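Positions are given from 1, in the same order as the sequence printed here. It should be emphasised that the depicted structure is a prediction, and the values quoted were computed from it without experimental measurement.
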Amino acid sequence: GLPNRKMLETLTNQALSRVERNSTCVALTFIDLDFFKPINDQYGHNIGDKILINFTAAINLQLREGDTLSRLAGDEFILVIEADSEPELRHGLDQIMGRIHSRLEQPLINSPAEIHVRCSAGTAIAPKDAIEFEALLHCADQAMYDSKKKGRGQHCYYETEANGQTELLLHPTEPAL
């Protein structure tokens, strides 16, 4: 099985320690299946479970040695990837996400019908975006929602400006007079 949230936190904290020690990078990519609930509603939870199992297998085939996929909850997954530099990390992650999206062009199951799924994904990178697990996970979640806003089936990197956090710091709201 896949690591759960607790194991994910442990593995990510170990990776974050390596980031501090070795001046490397780690990415948390939040992956969410698009329109999974209607599949469960239309075909039932047994088919939904098969979709999740096949989706997990399809993603694991695209990963490199040392990459970790974990299940956060329901149809939410987290991918943890490490690299020596941010450009190397982005290059590797872009290749992985490209392979995942290509694989999802094929049906995940063929019976009782051909069922295709897409996923939306958002990535946050340490140390640039955050250096603690919960903060990094929150940034990846925000980036994933940005990918859904852009039309689903996308992969986005966390951008501080896109989420209004820089503006909040630079332009505090003035009290009404």
Side-chain angles (χ1 to χ4, degrees), residues 2-5 8-9 11-12 15-16 19 25-42 48 51-64 67-83 85-108 115-169:
L2 295 178
N4 62 15
R5 182 186 176 96
L8 167 66
E9 185 172 357
L11 293 169
T12 303
L16 289 169
V19 166
C25 296
V26 64
L28 245 59
T29 301
F30 198 117
I31 301 171
D32 184 70
L33 289 180
D34 294 330
F35 305 111
F36 182 68
K37 185 177 179 335
I39 292 171
N40 261 344
D41 291 346
Q42 182 174 351
I51 293 277
L52 292 174
I53 290 166
N54 292 352
F55 178 76
T56 300
I59 289 181
N60 275 324
L61 288 173
Q62 311 312 317
L63 302 183
R64 309 166 303 177
D67 297 341
T68 302
L69 179 67
S70 63
R71 185 170 176 198
L72 193 60
D75 64 337
E76 298 174 337
F77 299 85
I78 303 291
L79 181 56
V80 181
I81 297 177
E82 297 180 66
S85 67
E86 187 174 335
E88 178 188 335
L89 186 132
R90 284 178 178 258
H91 177 74
L93 185 55
D94 289 344
Q95 286 185 329
I96 290 167
M97 291 308 299
R99 291 192 305 263
I100 290 170
H101 286 295
S102 291
R103 169 55 186 92
L104 293 180
E105 291 174 6
Q106 302 159 24
L108 281 179
I115 300 176
H116 295 260
V117 298
R118 293 185 315 172
C119 66
S120 296
T123 297
I125 299 172
K128 179 178 71 82
D129 299 324
I131 56 170
E132 294 177 348
F133 171 73
E134 288 295 336
L136 198 61
L137 185 62
H138 175 75
C139 292
D141 187 38
Q142 290 299 310
M144 186 271 300
Y145 277 104
D146 288 344
S147 74
K148 286 187 180 285
K149 288 181 206 167
K150 292 178 181 178
R152 299 184 186 259
Q154 312 269 331
H155 173 232
C156 293
Y157 288 91
Y158 179 76
E159 296 177 20
T160 305
E161 295 80 17
N163 292 291
Q165 294 193 8
T166 299
E167 291 179 21
L168 290 174
L169 294 172

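Counting heavy atoms from C-beta outward, Ile131 and Val19 have side chains that stay 4.5 Å or more apart. No side-chain heavy atom of Leu69 sits under 4.5 Å from any side-chain heavy atom of Ile78. Between Met144 and Cys156 the shortest side-chain heavy-atom distance does not fall below 4.5 Å. Under the 4.5 Å side-chain criterion, counting only non-hydrogen atoms from C-beta, Pro107 is not in contact with Ile115. Residues Gln142 and His138 have side chains in contact (heavy-atom distance under 4.5 Å, counting atoms from C-beta outward). For the pair Pro3 and Thr68, the minimum side-chain heavy-atom distance is below 4.5 Å. Side-chain contact between Glu105 and His116 is absent, with no heavy atoms from C-beta onward closer than 4.5 Å.
Within a 6.0 Å radius of CZ in Phe133, more than 12 heavy atoms belonging to other residues, nucleotides or ligands are found. Heavy atoms from other residues, nucleotides or ligands lying under 6.0 Å from NE2 of His91 number 12 at most. Within a 6.0 Å radius of CD in Glu88, more than 12 heavy atoms belonging to other residues, nucleotides or ligands are found.
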Exercise. Is there a side chain to side chain contact (heavy atoms under 4.5 Å, CB included) between Cys119 and Leu104 once you walk through the steps?
Worked result: CA-CA 8 Å; Cys119 66; Leu104 293 180; 3.8 Å; yes

Exercise. Can Leu136 and Tyr158 be said to form a side chain to side chain contact (heavy atoms under 4.5 Å, CB included), step by step?
Worked result: CA-CA 10 Å; Leu136 198 61; Tyr158 179 76; over 6 Å; no

For this session: For side chain to side chain contact (heavy atoms under 4.5 Å, CB included), just list the numbers for Asn4 and Leu72, CA-CA rounded to whole Å, side-chain angles, deciding distance to a tenth of an Å, and then say yes or no.
Result: CA-CA 6 Å; Asn4 62 15; Leu72 193 60; over 6 Å; no

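Between Ala124 and Ala140, the shortest heavy-atom distance links the atoms CB-N, 3.5 Å. Of all non-hydrogen atoms in Gln154 and Gly151, the two that sit nearest each other are CG-C, 4.4 Å. Here the closest non-hydrogen pair linking Gly48 and Asn40 is CA-OD1, 3.2 Å.
The side chain to side chain donor-acceptor pair (under 3.5 Å) search around Glu82 returns Arg18, not counting sequence neighbours. With sequence neighbours left out, the salt bridge (charged side-chain N to carboxylate O under 4.0 Å, His left out) criterion links Arg5 to Glu134. Partners of Arg64 under the side chain to side chain donor-acceptor pair (under 3.5 Å) rule, at least two apart in sequence or in another chain, are Asp67. For the salt bridge (charged side-chain N to carboxylate O under 4.0 Å, His left out) test, residues two or more places apart in sequence or in another chain that qualify with Glu86 are Arg90.
Summarising the geometry, atom CZ belonging to Arg118 is positioned 8.0 Å from atom CZ belonging to Arg152; distances are rounded to the nearest 0.5 Å.
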With a 3.5 Å cut-off and sequence neighbours excluded, list the donor-acceptor pairs that the side chains of residues 54-61 form with protein atoms.
unit_1, atom_1, unit_2, atom_2, d
Asn54, ND2, Leu108, O, 2.8
Thr56, OG1, Leu52, O, 2.8
Asn60, ND2, Thr56, O, 3.4

What donor-acceptor contacts under 3.5 angstrom involve side-chain atoms of residues 26-39, with partners at least two apart or in another chain?
unit_1, atom_1, unit_2, atom_2, d
Thr29, OG1, Thr123, OG1, 2.7
Asp32, OD2, Lys148, NZ, 2.7
Asp34, OD1, Ser120, OG, 2.7
Asp34, OD1, Lys148, NZ, 2.8
Asp34, OD2, Ser120, OG, 3.1
Asp34, OD2, Gly153, N, 2.9
Lys37, NZ, Asp41, OD1, 3.4
Lys37, NZ, Asp41, OD2, 2.9

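Considering Asp94, Asp146, Asp129 in turn, Asp94 is the only one that fulfils the side chain to side chain donor-acceptor pair (under 3.5 Å) rule with Tyr157.
Of the possible donor and acceptor atoms, one in the side chain of Arg71 sits under 3.5 Å from a partner among the backbone N and O of Gly74.
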